[in-house]
Amino acid sequence: MMKKILAVVMLLSLLCCQMAFADEAKPLAGKTLTVAMSPDFMYFETVSETEPCGYEGLDIDILKSLSEKLGFEFVITPMSFSSLIGALQTNNADFVISGMSATEERAQVVDFSITYAETDFGVVVPVDSDIASYDDLKGKTICCSQGATLEQVIQNIEGAKLVTYQGQSAVGLAVAQQSDGVQAGMTSINGSKKLSNTVLTEAGEPMLKYFVLEYDGVSDIYNIAFPKGSELLPLFNDALQEMIDSGEMGDMIKKWLY
């Protein structure tokens, strides 16, 4: 009888150790976090009819991997891109993953993770346009998504007029239709490539073409944003670095952006 009791005690101790190790390996186990995103950035986060969470894209795959590594469940709250920072400031979201770039201005009110992806900017123009370089954009009417860091890039182009729209798809349509006198649109390089393949005439012909924006300026970087002082930040940074070092992040970027 004593041997049986000792065996049970040892088994319970082993189980407790295993549970403790599991909790340490997944420090956010049992928690449900609210994620704010603007699900209109093609191939980063868009509405899906097949994914259980209702969305698909690079950021969604990253979110699911982080959830698995850290142990948390998540609820996605969709909103406009311009509302994302406010959602963190008012504690209506635990973090934002939404094709967002860390900037000095944003970093004054929120904290950012390490960069998980870095790409070139791209420019889409009508297929018959002569615009093919940074210099060609001078004095032109150029659009981008509202709240994107590209607003500053466009404002720094000599003589350029900035027009903004809600979301990447709207940018592509504005360029194709030359709405508001728009002659070119700026977005991520992957977005430019995808728009040039998806904005088509009724006959299925491309309405847009793209080129890489080569200039002496910043590149397109992507980070996760948190409320100031969030305890989640170091945990997410460690998990993101693990994904980068293992090659998992590179595989995801290749899948969605190229």
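Side-chain heavy atoms closer than 4.5 Å link hydrophobic residues (I, L, V, M, F, W, Y) into clusters, and following such links, possibly through other members, connects Y165 to L208. L257 and Y116 fall within the same hydrophobic cluster, where Ile, Leu, Val, Met, Phe, Trp and Tyr residues are linked whenever their side-chain heavy atoms come under 4.5 Å apart, directly or through other members. Each of F81 and F226 belongs to its own hydrophobic cluster when Ile, Leu, Val, Met, Phe, Trp and Tyr are linked at side-chain heavy-atom distances under 4.5 angstrom. Follow the hydrophobic side-chain contacts under 4.5 Å out from M252 and you reach F95 in the same cluster. The hydrophobic clustering, which links ILVMFWY residues whose side-chain heavy atoms are closer than 4.5 Å, places L63 and L235 together.
Here the straight-line distance linking atom CE of M186 with atom OG of S145 works out to 12.5 Å at 0.5 Å rounding. Distance OH/Y222 to CD1/I253: 10.0 Å, rounded to 0.5 Å. Separating the CD1 atom in I97 from the CG atom in L240 is a distance of 7.5 Å, to the nearest 0.5 Å. Distance check, rounded to the nearest 0.5 Å: CD of Q241 to OG of S246 gives 10.0 Å. We find the CG-CD1 distance between D59 and I224 to be 7.5 Å, quoted to the nearest 0.5 Å. Here the straight-line distance linking atom NZ of K64 with atom CD of E51 works out to 4.0 Å at 0.5 Å rounding.
Of all heavy-atom pairs spanning S101 and D220, the tightest one is OG-OD1, 3.8 Å. Taking all atoms of both residues into account, the shortest heavy-atom contact from L162 to C144 is CD1-SG, 4.0 Å. Listed here is the closest heavy atom pair of A239 and L66: CB-CD2, 3.5 Å. The minimum heavy-atom distance between V125 and A184, with the atom names listed, is CG1-CB, 3.7 Å. In terms of heavy-atom proximity, S38 sits nearest to L84 at N-CD2, 4.1 Å. For the pair S169 and L195, the tightest heavy-atom approach, listed with the atom from each and the gap, is CA-CD2, 4.5 Å.
Using a 4.5 Å heavy-atom cutoff, the side chains of S113 and L233 are in contact. Within the 4.5 Å cutoff, the side chain of P206 has no heavy atoms near those of the N197 side chain. V47 places a side-chain heavy atom less than 4.5 Å from the side chain of Y55. You'll find the side chain of S188 reaches within 4.5 Å of the side chain of Q168, heavy atoms only. Side-chain contact between L137 and L213 is present, with heavy atoms from C-beta onward closer than 4.5 Å. With contacts defined as side-chain heavy-atom distances shorter than 4.5 Å, the pair S133/E214 does not qualify. Within the 4.5 Å cutoff, side-chain heavy atoms of I60 are placed close to those of I76. By the 4.5 Å heavy-atom criterion applied to side chains, K140 and I157 are not counted as neighbours.
Residue pairs that meet the salt bridge (Lys or Arg N to Asp or Glu O under 4.0 Å) test with at least one member in residues 237-247, sequence neighbours left out, are K69-E242. Evaluation of the salt bridge (Lys or Arg N to Asp or Glu O under 4.0 Å) test over residues 110-138, restricted to residues two or more places apart or in two chains, returns D111-K228, D135-K138.
Ion pair K31/D94 not flagged as a salt bridge, since none of the NZ, NE, NH1 or NH2 atoms sits closer than 4.0 Å to an Asp/Glu carboxylate oxygen. For the pair D251 and K254, the salt-bridge criterion is not met [side-chain N within less than 4.0 Å of a carboxylate O].
Within 6.0 Å of NZ in K161 there are 12 or fewer heavy atoms belonging to other residues, nucleotides or ligands.
The backbone N or O of G54 sits nowhere less than 3.5 Å from a side-chain atom of S48 that would complete a donor-acceptor pair. Without hydrogens or angle criteria, E151 side chain to G147 main chain gives a donor-acceptor distance under 3.5 Å. In this structure, the side chain of S67 engages the main chain of F72 through a donor-acceptor pair within 3.5 Å. Side chain of S98 to backbone of M100: no donor-acceptor contact under 3.5 angstrom is found. In this structure, the side chain of K209 engages the main chain of S129 through a donor-acceptor pair within 3.5 Å. Listed for the N237 side chain is a donor-acceptor partner under 3.5 Å among the backbone atoms of I114. Put simply, the side chain of S65 never gets that close to the backbone of I62: no donor and acceptor are under 3.5 Å apart.
With sequence neighbours left out, F41 forms a ring pair (Phe, Tyr, Trp, His ring centres under 6.0 Å) with F44. Evaluation of the ring pair (Phe, Tyr, Trp, His ring centres under 6.0 Å) rule for Y134 yields Y215 as partners, not counting sequence neighbours. E73 meets the salt bridge (charged side-chain N to carboxylate O under 4.0 Å, His left out) test with no other residue; sequence neighbours excluded.
Side-chain atoms of N223 and T115 form a donor-acceptor pair, as typed in the model, at a separation below 3.5 Å.
With a 4.5 Å cut-off between side-chain heavy atoms of Ile, Leu, Val, Met, Phe, Trp and Tyr, the cluster of V75 takes in none.
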Open item on the list: Assess the residue pair E205 and V127 against the criterion (side chain to side chain contact (heavy atoms under 4.5 Å, CB included)); give the C-alpha distance rounded to whole Å, side-chain angles, the decisive distance to 0.1 Å, and a yes or no.
Closed with: CA-CA 10 Å; E205 297 294 327; V127 290; over 6 Å; no
Open item on the list: Walk me through whether I142 and L150 qualify under side chain to side chain contact (heavy atoms under 4.5 Å, CB included).
Closed with: CA-CA 10 Å; I142 311 168; L150 281 166; over 6 Å; no
Open item on the list: Using the rule given for side chain to side chain contact (heavy atoms under 4.5 Å, CB included), can you reason through T46 versus E56, listing the C-alpha separation, both sets of side-chain angles and the distance that settles it, and then say yes or no?
Closed with: CA-CA 6 Å; T46 53; E56 64 181 9; 3.8 Å; yes
